[in-house]
Amino acid sequence: MNGPRKVYIKSYGCQMNVYDSHRMADTLAPEGYVETDRAENADLVVLNTCHIREKAVDKVYSELGRLREMKDEAALAGRRVSIAVAGCVAQAEGKEILRRERAVDLVVGPQSYHRLPDLLRKAEREGHALDTEFPAEDKFDFLAPASREATRKRGVTAFVTIQEGCDKFCTFCVVPYTRGAEISRPVAKVIADVERLADTGVREVTLLGQNVNAYHGDGPDGKAWTLGQLLWRLAEIPGIARLRYTTSHPRDVDDTLIAAHRDLPALMPQLHLPVQSGSDRILAAMNRQHTTKDYLAVIEKFRVAQPALCFTSDFIVGFPGESDDDFQATLRLIEDANITTAFSFKYSPRPGTPAAEMDDQIDEDVKADRLGQLQTLVNRQHERFQQSCVGRTLDVLFEKPGKFDGQITGRSPYLQPVQVMGHPSLIGNIAPVTITGTRTDAKSLFGVVAQPAAQPHNAAVRPVVRRRRTNSWRRCGCR
Ligand code: SF4
């Protein structure tokens with residue numbers, strides 16, 4: 001064999017898929033695979049698919065058509081290329097993928113990707129391999145940890161999955177079928193992962209889960225820990241300066257989480273709390289298991305505990321039966337909760353979900369019109385929030401060089417991209433930045449470093465003190 005084999009992994013969808021893709025690369029590394037960012041150079045192409053977006057399955061098949069041509073050309077040149085389909089479309093479609101697309105060598109569901117090396121060997125032996133089981137073993141016990149080099153390359157922010165699956169069964173969603181029931185990783189394993197990341201210079205960790213605040217992992221005291229408890233413990237790890245988590249369900253918010261937002265300086269003041277609709281009738285049809293009143297009450301509790309918190313959310317417009325009044329209620333909720341950013345989509349049926357069978361499917365033109373209105377409102381609120389930051393000084397974690405010479409870019413506590421002219425040595429550090437303006441589309445902020453970064457890269461920072469402290473973000477009102 002000449003040199004290492006190359007793997008190209010294309011991630012679709014959410015941060016959990018990006019995280020899974022990293023872990024697949026880590027699992028393949030001991031097998032001699034190195035990552036490449038070009039499919040044409042790869043010996044193995046993995047499509048890590050997502051089933052959430054519209055026409056997800058069609059998009060995967062059309063991508064596979066392109067890869068088939070690439071694979072055929074490589075074969076003519078005497079080079080073998082393997083193609084794997086992973087993720088939620090793999091789980092939902094299963095062997096149908098192998099039937100419809102001859103180029104595919106293996107199909108692996110999200111709970112089985114730790115078996116990738118074995119599946120590749122099986123595909124080589126038998127022509128193809130399929131694993132869409134929900135195995136009894138915990139895949140995280142079998143995944144190779146990322147090498148120090150791989151972690152460094154991925155930068156100063158990282159994701160860690162702490163929870164997977166969902167028991168909620170919203171009527172529009174495939175996740176409970178593709179990811180299985182809710183499970184939580186034990187506290188000790190999460191701590192070990194975050195310590196390893198901190199050791200390689202990671203400063204900010206985002207904890208991931210389909211229902212991350214339903215977390216109930218086994219703690220060292222033999223009891224199930226909540227997300228709030230876990231956050232406190234992770235904040236004690238030297239080097240970890242910032243913590244975030246996503247995605248939450250309003251029903252699973254508990255007092256420990258609210259208290260963490262009140263008292264834990266490392267927990268950033270931005271919370272993604274999906275609601276989907278502002279109409280109780282539609283929420284019931286979606287089986288969301290909460291009302292708009294419940295949602296606003298949860299937001300109010302958070303805001304009383306931590307007035308600086310900003311909220312982002314998810315919305316689906318044009319759910320079956322959604323009337324104009326229902327939609328107007330959604331717009332009102334966006335204003336009442338002051339949602340500053342949102343992922344918003346037109347409803348599209350997912351085969352096998354109850355909503356796909358419902359009467360009163362909404363006309364596409366109506367959906368498009370409602371989506372436009374909703375996005376205009378959210379953009380307006382976002383712009384207002386961005387403008388409210390001008391003139392303030394915010395802590396920025398610098399992540400990488402910017403687009404222009406001499407520019408570096410980072411993130412504010414609210415996840416806003418912030419660009420400054422600054423020395424690259426600031427990358428990996430947190431420094432106060434005075435915000436001087438916003439980009440014309442208000443997507444990012446510009447600023448000047450207010451003073452040199454206090455903390456050297458990877459130093460122990462921010463000893464955890466259980467009392468309120470004045471962070472720059474605590475002065476940045478977004479209401
Ligand atoms: S809470 Fe609802 S939307 Fe979220 S993953 Fe579970 S079923 Fe899907």
Side-chain angles (χ1 to χ4, degrees), residues 12-20 48-54 56-57 87-92 109-111 134 159 161-185 206-216 226-227 244-254 257 271-292 294-295 298-299 311-322 330 333 337 339 341-358 374:
Y12 296 80
C14 66
Q15 288 152 331
M16 286 196 74
N17 262 19
V18 174
Y19 174 82
D20 283 355
N48 191 15
T49 61
C50 167
H51 210 308
I52 296 289
R53 299 284 161 90
E54 202 173 359
V57 177
C88 290
V89 172
Q91 185 70 37
Q111 300 310 333
F134 289 105
F159 301 120
T161 290
I162 63 165
Q163 182 278 336
E164 279 199 291
C166 182
D167 297 339
K168 306 287 189 302
F169 289 92
C170 298
T171 54
F172 54 84
C173 182
V174 291
V175 165
Y177 312 100
T178 57
R179 293 270 177 168
E182 285 174 7
I183 54 136
S184 297
R185 296 180 65 207
T206 302
L207 305 178
L208 297 177
Q210 264 96 25
N211 265 287
V212 73
N213 61 329
Y215 180 80
H216 57 274
T226 63
L227 177 61
R244 304 180 189 274
Y245 59 90
T246 196
T247 292
S248 304
H249 193 289
R251 218 188 62 173
D252 291 321
V253 172
D254 72 357
L257 191 56
L271 175 51
H272 188 67
L273 195 61
V275 61
Q276 310 297 357
S277 170
S279 154
D280 287 341
R281 206 175 62 82
I282 296 300
L283 288 174
M286 288 175 164
N287 190 33
R288 286 289 297 173
Q289 305 172 43
H290 62 78
T291 61
T292 48
D294 299 333
Y295 183 78
V298 166
I299 291 222
F311 293 89
T312 62
S313 195
D314 291 347
F315 294 94
I316 293 173
V317 299
F319 188 80
E322 184 189 71
T330 300
L333 179 87
I339 301 297
T341 320
F343 294 110
S344 51
F345 306 98
K346 293 184 284 179
Y347 170 76
S348 71
R350 296 287 175 275
T353 57
E357 307 300 319
M358 287 179 184
L374 186 146

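Not measured: the values here are computed from a predicted model. Every number for a ligand or one of its atoms is a count from 1 in the order of the listing.
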**Q** I need the atoms of ligand 1 closer than 4.0 Å to a non-hydrogen atom of P176, numbered in the order shown.
**A** 7 (S)
**Q** Return yes when at least one N/O/S atom of C166 is nearer than 2.8 Å to atom 6 (Fe) of ligand 1, and no when none is.
**A** yes
**Q** Any side-chain to backbone donor/acceptor pair from S184 onto Y215? Under 3.5 Å, distance only.
**A** no
**Q** I'd like to know if the side chain of N287 pairs up with that of T171 as donor and acceptor (distance under 3.5 Å, no hydrogens or angles considered).
**A** no
**Q** Find all atoms of ligand 1 within a distance of less than 4.0 Å from any non-hydrogen atom belonging to V175, and give their numbers and elements.
**A** 5 (S)
**Q** Per the side-chain contact (heavy atoms from CB on, under 4.5 Å) rule, which among L271, L208, T206 passes with Y245?
**A** L271
**Q** Is it the case that the ring center of F343 lies less than 6.0 angstrom away from the ring center of H272?
**A** yes
**Q** Do side-chain atoms of R185 reach the backbone of T161 as a donor and acceptor pair under 3.5 angstrom?
**A** yes
**Q** What residue and heavy atom of the protein are closest to atom 4 (Fe) of ligand 1, and at what distance?
**A** R288 NH1, 4.4 Å
**Q** Number the atoms of ligand 1 from 1 as they appear, then name those within less than 4.0 Å of a heavy atom of F169, with their elements.
**A** 7 (S)
**Q** Mark up the atoms of ligand 1 that fall under 4.0 Å of a heavy atom belonging to H249, in ascending order.
**A** 1 (S)
**Q** Are the side chains of Q111 and Q91 in touch, meaning some heavy atoms are under 4.5 Å apart?
**A** no
**Q** Side-chain donor-acceptor pair under 3.5 Å between R244 and T246, yes or no?
**A** no
**Q** What protein heavy atom sits nearest atom 2 (Fe) of ligand 1, and how far off is it?
**A** C170 SG, 2.3 Å
**Q** Please could you name the atoms of ligand 1 that F172 approaches to less than 4.0 Å, counting only its heavy atoms?
**A** 3 (S)
**Q** I'd like to check which ligand 1 atoms, numbered from 1 as shown, lie under 4.0 Å from a non-hydrogen atom of N211.
**A** 1 (S), 6 (Fe)
**Q** Measure the distance from atom 8 (Fe) of ligand 1 to every protein heavy atom, then report the residue, atom name and distance (to 0.1 Å) of the closest one.
**A** C173 SG, 2.3 Å
